[in-house]
2 protein chains.
Amino acid sequence: MAGHTAGTAKATAKEDILDAAEALFAARGFEGASMRAIAEAAGVAQALLHYHYKTKEGLFEAMFTRRSGAINRIRLARLDVMLARGRPTVEDIVEALLRPTIEAGHDPSRGGSRFASLILATSTAEGDWQKGLVARSYDSMAERFIAALMGALPGLGRAEATWGYLFVVGAALTQMAPTGRADRLSGGAARDEDTDAMLSRAVIFAAAGLKALATAPPDDH
Amino acid sequence: MAGHTAGTAKATAKEDILDAAEALFAARGFEGASMRAIAEAAGVAQALLHYHYKTKEGLFEAMFTRRSGAINRIRLARLDVMLARGRPTVEDIVEALLRPTIEAGHDPSRGGSRFASLILATSTAEGDWQKGLVARSYDSMAERFIAALMGALPGLGRAEATWGYLFVVGAALTQMAPTGRADRLSGGAARDEDTDAMLSRAVIFAAAGLKALATAPPDDH
DNA sequence: GTCTATAGTTCGATAGAC
DNA sequence: GTCTATCGAACTATAGAC
């Protein structure tokens with residue numbers, strides 16, 4: 001049991017750096033978060049970041065894949081359990097898709113993770129390496145959920161399932177980062193911080209939207 | 001008619017700077033786009049940016065409010081027309097909310113605007129001035145559309161209407177920037193660049209989701 | 001209104017001691 | 001594996017000529 005302890009290892013400097021990087025990249029973006037600031041937040045020298053991760057891009061990629069991998073493993077495990085038990089409902093599939101990201105945001109290792117906004121920023125970045133990172137991190141998981149949606153909704157075509165998947169993810173991800181907008185626009189009736197209330201609405205909204213896409217006419221002129 | 005010509009004025013250096021700033025801020029983010037790069041893209045000296053807009057923040061704010069103001073004027077004009085004619089459908093309201101942003105993205109003044117991703121990045125930025133900018137730019141428009149949704153859907157409460165509005169905007173905005181994901185995930189059945197096809201699906205998806213929120217139980221434990 | 005030139009700061013990355 | 005010290009480049013912003 002010596003050496004690389006599996007599972008819940010004691011926090012190493014290497015992990016501390018990833019935690020600090022995630023918090024700062026999420027808050028300030030790739031260019032806005034400096035290696036200096038990350039090193040200071042992690043409590044280590046700046047040179048140590050380059051020793052472990054070589055470049056700033058390398059650090060970003062390591063931070064991104066650690067979290068996205070953890071989230072996707074939970075997603076797919078839940079999906080596999082549901083598929084093994086029978087035909088899951090659309091609501092079940094959407095819940096399995098969305099809740100793991102919220103739970104990752106409550107990660108006890110750091111307060112107030114905002115990984116959701118990091119995904120959005122990385123998806124729309126101009127750099128090819130960032131789009132490639134998103135593709136490598138999420139595409140295979142996304143394909144399995146799109147297939148599951150088509151299985152749960154006869155009549156849902158490939159294009160509609162893809163758009164539906166992207167709508168669902170976009171609707172929820174944009175609400176996971178606390179922007180304070182829900183509180184303000186609702187006059188206090190909705191609260192940004194109440195991610196459970198948000199998620200229960202998102203599941204209702206998304207499931208109904210997906211069902212409508214399954215029955216809508218193929219249209220296009 | 002001399003002096004400040006209203007309407008479609010000939011492109012001035014001041015406007016050229018805003019065009020270049022919008023393209024670069026959208027592509028690289030606030031920190032990632034440098035004043036040097038913006039000046040070069042606009043074909044003017046860097047000092048001219050500071051002469052017209054004082055600071056980088058000032059330039060960003062001028063760029064942001066120009067586009068958001070133009071979009072919101074169209075949105076509210078369409079909403080007013082619909083309300084004057086009678087009780088608009090949910091589909092009509094969603095269409096009036098979403099289409100102006102897509103049309104702004106096709107702005108002939110520049111190729112391939114990606115203002116949608118700029119809104120997302122600005123909404124989730126950590127800086128208070130950016131969140132404040134989003135609030136000043138969008139809150140009053142959003143309140144009017146939320147009220148219109150509640151008018152079109154009896155049974156839709158304030159909290160549900162607010163979450164629903166935010167879901168609709170989040171679902172559509174995340175698909176307006178061409179990420180290439182729809183093409184890849186659908187095997188070519190859906191195409192990122194076909195924003196009209198995306199929007200027609202978004203309207204179906206969003207209207208059904210909003211209707212479901214209007215009839216769902218109040219839940220919360 | 002637009003330019004050149006530059007001051008002063010911060011950045012990513014590396015060298016080299018321990 | 002972790003540190004201090006530093007290099008060279010890029011950054012925002014300003015001064016001052018035209």
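Excluded from the calculations below are hydrogen atoms, water molecules and symmetry mates; all remaining heavy atoms, backbone and side chain alike, are included. Reminder, nothing fancy here: chain letters follow the sequence lines and each chain counts from 1.
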Checklist entry - Which residue, A/Gln46 or B/His52, contacts DNA chain C at a nucleotide closer to its 5' end, judged by nearest heavy atom? => result B/His52

Checklist entry - A/Leu49 CG to D/dT2 C1': how many Å, rounded? => result 12 Å

Checklist entry - Any side-chain donor paired with an acceptor under 3.5 Å for B/Arg136 and B/Thr65? => result no

Item to check | Interatomic distance, A/Tyr53 OH vs C/dA13 P [rounded to whole Å] | outcome: 15 Å

Checklist entry - Between atom CD in A/Glu31 and atom P in D/dC11, what is the gap in whole Å? => result 10 Å

Item to check | Close aromatic pair by centroid cut-off 6.0 Å: A/Phe60 and A/Tyr53 | outcome: no

Checklist entry - In whole angstrom, what separates A/Leu48's CG from C/dG12's P? => result 16 Å

Checklist entry - Whole-Å distance between C/dA13 P and A/Tyr51 OH? => result 17 Å

Checklist entry - What is the distance from CE of A/Met35 to P of D/dC7, rounded to the nearest Å? => result 20 Å

Checklist outcome for this item: When A/Phe115, A/Trp129, A/Phe25 are each screened for ring-ring contact (aromatic ring centres under 6.0 Å, His included) with A/Phe64, the one that passes is A/Phe115

Checklist entry - Using 4.0 Å as the upper bound for N to carboxylate O, is an ion pair formed by B/Glu15 and B/Arg66? => result yes

Item to check | Gap between atoms NZ and C1', on A/Lys56 and C/dG12 respectively (whole Å) | outcome: 8 Å

Item to check | Phosphate OP1/OP2 of D/dT2: any A/His50 side-chain N/O under 4.0 Å | outcome: no

Checklist entry - Does the side chain of B/Ser34 get closer than 4.0 angstrom to OP1 or OP2 of D/dA10 through an N or O atom? => result no

Next on the checklist: Looking only at the side chain of A/Arg36 (C-beta and beyond, no hydrogens), which of the listed nucleotides C/dC11, D/dA13, D/dT4 gets closest?
Outcome noted: C/dC11

Item to check | Rounded distance in Å - CD (A/Glu40) to P (C/dC11) | outcome: 10 Å

Checklist entry - Heavy atoms under 4.0 Å, any strand shown: does A/Ala33 hit a base, just sugar-phosphate, or nothing? => result sugar-phosphate

